[in-house]
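Working notes for the structure below.
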Amino acid sequence: MAKKYWLMKSEPDVWSYDDHAAEGVAEWDGIRNYQARNFMRDDFEIGDTVLFYHSNHKPPHVAGICEVVREAYPDSTAFDPDAKYYDPKSDPENPRWLMVDLKAVRKLERPVSLAEIKANPALADMRLVARGNRLSIMPVEKAEYEEILRMAKSDPED
DNA sequence: GCCAACGTTGGC
DNA sequence: GCCAACGTTGGC
């Protein structure tokens, strides 16, 4: 299977790219949406590349790059009554929720904002800019990924 | 803080 | 299986 590209959202107040980079390799837990889970379960492979996106931030932006280093396995936070994302309906014998491990690869040269992505015609088809999109994990085309890397190397005014 | 869009829940 | 009510996401 060819290497794939993803975008994953996190609120930087909760878990930022720098937090992740400080850990090196970290779990991506707390996904409680079936569509997002299914991407991890069915399509994530070791070596896939992830754009780390900061949502609920001013401005929202892509902050850095990660790599999938462990494929989907049960999200243990769903079983922990004290965890924020505890889900009593997830049975350890048949886990409802999954997580992956990501390794921080590098920060972008500069953040690439949602406004810039929206303004770039080459990125008009990204799911990120689709109307009403709320998915926290979504596939990204290789060309879109490369365009965002290119933008990060250029000035925002371009 | 507002609110549009969307997902989930639960009564029927 | 429908759908109204409710909760959440996330940009603005």
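Values in this document were obtained by computation on a predicted structure and should not be read as measured data. All chains are named by letter (A, B, ...) in the order of the sequence lines, taking the proteins before the strands, and each is independently numbered beginning at 1.
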salt_bridge(A/Arg110, A/Glu116) N-O dist < 4.0 Å: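 Judged by the 4.0 Å cut-off on N to carboxylate O distance, A/Arg110 and A/Glu116 do form a salt bridge.
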Those residues that, when tested against A/Asp101, pass salt bridge (Lys or Arg N to Asp or Glu O under 4.0 Å) (two or more places apart): none
Once salt bridge (Lys or Arg N to Asp or Glu O under 4.0 Å) is applied, do any residues pair with A/Lys107, and if so which ones, sequence neighbours excluded? A/Asp18
Need two values: the first and the last nucleotide of DNA chain C, 5' to 3', having an atom under 4.0 Å from any heavy-atom of chain A.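 So the outermost contacting nucleotides come out as C/dG7 to C/dC12.
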Is there any ring pair (Phe, Tyr, Trp, His ring centres under 6.0 Å) pair reaching into residues 128-155 of chain A, and which pairs are they, with sequence neighbours excluded? A/Tyr5-A/Tyr145
What residues join A/Tyr34 in its hydrophobic cluster, counting side-chain heavy atom gaps under 4.5 Å, either direct or through other members? A/Trp97
Can you list the other members of the hydrophobic cluster that holds A/Val69, where links are side-chain heavy atoms under 4.5 angstrom apart?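 Members besides A/Val69, by chain and number: A/Val25.
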Which pairs would a plain distance check flag for residues 53-65 of chain A, meaning a side-chain donor or acceptor within less than 3.5 Å of a matching protein atom at least two apart in sequence or in another chain?
residue : atom : partner : partner atom : Å
A/His54 : ND1  : A/His61 : NE2          : 3.0
A/His54 : NE2  : A/Tyr17 : N            : 2.9
A/Asn56 : ND2  : A/Glu11 : OE2          : 3.1
A/His57 : ND1  : A/Pro59 : O            : 3.4
A/His61 : ND1  : A/Pro59 : O            : 2.9

Going by number, which of residues 48-59 of chain A have a non-hydrogen atom under 4.0 Å from DNA chain B?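 Those residues whose heavy atoms fall under 4.0 Å from DNA chain B, taken from residues 48-59 of chain A, amount to none.
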Of all pairs that satisfy salt bridge (charged side-chain N to carboxylate O under 4.0 Å, His left out), the ones with a partner from residues 117-136 of chain A, not counting sequence neighbours: none
I want to confirm an ordering. Mapping A/Arg131 and A/Arg96 to their closest nucleotides on DNA chain B, which one lands closer to the 5' end? A/Arg131
